[in-house]
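Worksheet: one structure, shown below.
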2 protein chains.
Amino acid sequence: MKTIGDIAQLAGVAKSTVSRYLNGGSISEPTKKKIERIINETGYMPNNFAQSLKAKKPNIIGTIVPRLDSFAASQILTGIDKHLRELNYQMLISNTSQELEREIESVYSLYNQKVAGIILLATQITKDHLKAFNETELPVVLVGQQHDKVYSIIHNDDAAAYDLGKYVLENGHRKIAYLGVTEKDIAVGVRRKEGFNRAISEREDCEVEYYETSFKMEDAIKISSHIIETFDPSIIVCATDNIALGALKAARLKGLDVPSALSITGFGGYEITGIIHPGLTTVKFHYEDAGRLAADSLVTLLNEGQVPLLNLSEYQIIERESVDKKFGR
Amino acid sequence: MKTIGDIAQLAGVAKSTVSRYLNGGSISEPTKKKIERIINETGYMPNNFAQSLKAKKPNIIGTIVPRLDSFAASQILTGIDKHLRELNYQMLISNTSQELEREIESVYSLYNQKVAGIILLATQITKDHLKAFNETELPVVLVGQQHDKVYSIIHNDDAAAYDLGKYVLENGHRKIAYLGVTEKDIAVGVRRKEGFNRAISEREDCEVEYYETSFKMEDAIKISSHIIETFDPSIIVCATDNIALGALKAARLKGLDVPSALSITGFGGYEITGIIHPGLTTVKFHYEDAGRLAADSLVTLLNEGQVPLLNLSEYQIIERESVDKKFGR
DNA sequence: ACAGACGGCGGAACCGGTTCCATTTAAATC
DNA sequence: GATTTAAATGGAACCGGTTCCGCCGTCTGT
């Protein structure tokens, strides 16, 4: 591949002139034309490493993701990637397979790769995380979790869960099972539960039981079956769409019709929830936008711009068929 | 941040000596100790750009992927990433949003990032692809598509489709709609269709119609509705699980029971196909293994090992409820 | 007509490493 | 003790860009 020197030689100018052409300095029209022609002919591309060496401004952004095979993660990644590309950055993905220590490792390893900054699709933020951020002095943007010391983009879990809770109540449900996840996950495990609970607390006449499961569909199926057997609610409110899908399966295995015998709701807005039957009533988060926002925030940070510590990404309740309207009858 | 020169100065040696210490040349015990101490004290880390500028041994593997938000892609990526990590490589993902030119761009851009090699989750291979591979002289491994000049890992589409065809016939289906995709996609568009057709050709008494759609569920819904109205087959064989999901939806919209009124099969083995009702009979490809294999092949290639030009990844037919057993009755 | 200003350009230093080559130093051989 | 030989180290070139500096020529103002 050609270097800037080759181009300069072919154009009969100094390499500084070519560099100036590339970066927009003052150049006469004929020289500009000449260089332009040569560059087009040769398909020259500047060597990124040489550029970054002097400029000290790496253009790679590291993204740490707990898993690649999740709808939410891939949507967020897509958003990050698209926007980063527009801003002339590259995305380096590091997958941690949901192992927390690997997140820390990854921070250091990305630091080593000389990334300009890090976007972390976080699950929890520990002291070790903060230590890594401090030691590497890398700008960090969190997605999906909030921390008062780190820039964060979060889905508005609390408000969404509150709205969903209201919706459930409005439709006449009074015996409710909430199927959540570990409280270690602040956003999904705590915020959603709390938001939902806030809505419920505004009424006196309803009975709620809280359960906990993992993010896996299989586990959700088991626990849902158990809930149906022992508590027999009129609705199961699930903390994620995958869990809701599991609950749906459990209902079917038990021979319960959804929504007439049992209602179910999810969280996430995965495409599949609109395809299955019955369509799942869920909260749609704008994951791709969140990713976009994260990319934008990080780049702004890199250019010493101002960014709010916390950014909320939008949501909307998608009403489909999985919730029985007891008052509509 | 300290440079190698600073370290050299602090240790009272030349920077070449420090470089040698770092990369394992011959160094006396006392100097080694001295440098080691300084490096530990300062927490020195070599500048990756400067290294890659002159050097030779990048440890980043570029992966080009048409989209991140697909089950297959994320599984393959997971496989690649896991294995690469074991081999001490990093994965740099480049997303092309299904734009073909971007694949070419990405090859050059990855070359520019000085990746050691490229894994391409291919859709089609054009002359421009080959040109880019040649010009950059980067080792390339294809996943999902085959080419006689490039190392490839393919899912055994042909055999899988053949087996599935046999299965469909064995269950008594004789009026069959095959819902495929563009033939530009050799693996999914051509191989699957051909394999299926081979099975069908072994019988004289069946009626088959071939249709084409995109990879999107919405499109599949529309076309499936059309197929039902105009052709009214006993089964729709779909080239991907997403298409099958669309067909399922169409059947439901038309009020057709699956499988008694209409059978449906897919390709892929997405987890969701086992959760929905009725469970989708499909062909499960071992995507993660394929990714693993791709990573392994590329690294072997980098170390000048021998790798077969073509590797087949495994599959299995998953029998669920979406196919009516006409002979079982 | 001449001094000063300015646009366009080439030369060279520099970024932070690696590596080749020459030289010093120490160890080994006779 | 002198000579051979290998190990250890320093010096300098180099990778491919960017950027500072200064020279040259033309244009402008008086």
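Chain letters run A, B, ... following the sequence lines, proteins first, then strands; residues in each count from 1. Here the structure is a predicted model, which is why all the values come from computation and not from measurement.
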My understanding is that only residues two or more places apart in sequence, or in another chain, count here; which of them pass side chain to side chain contact (heavy atoms under 4.5 Å, CB included) with B:E41?
B:R37

Between NZ of B:K34 and P of D:dG10 the distance, given in whole Å, is 8 Å

Salt bridge (charged side-chain N to carboxylate O under 4.0 Å, His left out) with B:D296: which residues, sequence neighbours excluded?
none

Of all the choices, D:dT9, C:dT18, C:dG17, which nucleotide is nearest to the side chain of B:S19 once you look at every atom?
C:dT18

Within the structure, does a side-chain N or O atom of A:Q51 lie under 4.0 Å from either OP1 or OP2 of D:dT18?
yes

B:Y44 side-chain proximity, nearest of C:dC9, C:dG17, D:dG17
C:dG17

End-to-end axis angle, where each axis spans five pairs of the helix from C:dA1-D:dT30 to C:dC30-D:dG1, to 10°:
40°

Rounded to whole Å, the CD1-C1' distance (B:I4 to D:dT9) equals 14 Å

Considering only heavy side-chain atoms of B:S26, the closest of D:dT9, C:dG10, C:dG16 is D:dT9

Between A:T3 and A:G5 (side chain of the first, backbone of the second, donor and acceptor by atom type, cut-off under 3.5 Å), is there such a pair?
yes

Whole-Å distance between D:dG16 C1' and A:F49 CZ?
12 Å

Candidates D:dT9, C:dC9, C:dG17 - which lies nearest the side chain of B:T3
C:dG17

Quick one: B:E29 CD to D:dA8 C1', roughly how many Å, whole number?
13 Å

Expressed as a whole number of angstroms, how long is the span from A:K2:NZ to D:dC15:P?
15 Å

Between N or O atoms, less than 3.5 Å apart, protein on one side and nucleotides 12-14 of chain D on the other: list the pairs.
residue, atom, partner, partner atom, Å
D:dC14, O2, B:K54, NZ, 3.4

Using salt bridge (charged side-chain N to carboxylate O under 4.0 Å, His left out) as the criterion, list what pairs up with B:K33, not counting sequence neighbours.
B:E29

Holding to side chain to side chain contact (heavy atoms under 4.5 Å, CB included), I want the full list of residues that pass it with B:D81, two or more places apart in sequence or in another chain.
A:N95, B:R85, B:M91

Listed partners of A:E86 passing side chain to side chain contact (heavy atoms under 4.5 Å, CB included), at least two apart
A:H83, A:R292

How close or far is atom C1' of D:dT9 from atom NZ of B:K32, stated in whole angstroms?
15 Å

Which residues pass the side chain to side chain contact (heavy atoms under 4.5 Å, CB included) test with A:I38, sequence neighbours left out?
A:I7, A:L10, A:A11, A:T42

Short question: side chain of A:H147, backbone of A:K149 - any donor-acceptor pair under 3.5 Å?
yes

Between the main-chain N or O of A:A187 and the side-chain N or O of A:Q145, is there a donor-acceptor pair closer than 3.5 Å?
yes

Using atom CG of A:N23 as one end and atom C1' of D:dT18 as the other, report the distance to the nearest whole Å.
7 Å

Partners meeting ring pair (Phe, Tyr, Trp, His ring centres under 6.0 Å) with A:F71 (sequence neighbours left out):
A:Y270

To the nearest angstrom, the OH-P distance between A:Y21 and C:dC9 comes to 13 Å

Ranking C:dG8, D:dT9, C:dG10 by distance to the side chain of A:S28, first place goes to C:dG8

With the side chain of A:T17 defined as its heavy atoms from C-beta on, choose the nearest nucleotide among D:dG10, C:dG10, D:dG16.
C:dG10

